Amino acid sequence: MKLFVPEFCFSSVTEITPEFLQQNQIKALVLDVDNTLTTHGNPVPGKGVLAWLDQMRKADIPMMIVSNNSERRVKPFADLLGLDYVARGCKPLTIGMTRACKKFGLAPQQVAIVGDQLFTDILGGKWKGMRSILTEPLHLEDGPFFRFKRGLEKRLMKK
Ligand SMILES: [Mg+2]
């Protein structure tokens, strides 16, 4: 079950600071899109996200988007943010994470995945041997499947 337990938790991606990353020897970030950088399907970045990206760039933290969503969804958003991306990343499979580490020229232990989902983002990052930062979802998806998954996540988080 340890594969589902994130190393760190933040209420929002914008709470992550360059100092925190430095203290924890994290040199680069792989970013999820939906419910991490903005709400699901939203073309506009979440509150404070653009300023946060600037702050990270100033601190020389390379970043890349890895999303399970479609090219059509992810490309315009990544372009707007000025970030390279992998769409249809199939997280928890590690294709996107592998590409990101290669691009950064860093070992997985130096790169953190940042995302809102234990079963895709955190699990995928941990499989790859990366560091992991869970953020609170910006907006909960609806539907019985998502409710079931969230319930399961909550129970795992308690442990
Ligand atoms: Mg997400």
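Here the structure is a predicted model, which means the values were calculated and not measured. Just follow the structure's listing: the first ligand is 1, and inside any ligand the first atom is 1. All residue numbers in this chain count up from 1 along the given sequence.
The atom of Asp116 that is an N, O or S and sits closest to the Mg ion (ligand 1) is OD1. Within Asp34, the N, O or S atom at minimum distance from the Mg ion (ligand 1) carries the name O.
Residue pairs meeting the side chain to side chain donor-acceptor pair (under 3.5 Å) criterion with at least one member in residues 80-102, sequence neighbours excluded, are Asp32-Lys91, Glu71-Tyr85, Asp84-Lys103, Lys91-Asp121, Thr98-Lys128.
Judged by distance alone, with hydrogens and angles left aside, the side-chain atoms of Arg131 form a donor-acceptor pair with the main-chain N or O of Gln109 at under 3.5 Å. Using a distance-only test at 3.5 Å, with no hydrogens or angles considered, no donor-acceptor pair links the side chain of Ser67 to the main chain of Ala87.
With a 6.0 Å radius and a threshold of 12 heavy atoms from other residues, nucleotides or ligands, Gln22 has its CD atom at or below the threshold.
Backbone or side-chain N, O or S atoms of Asp32 reach the Mg ion (ligand 1) at under 2.8 Å.
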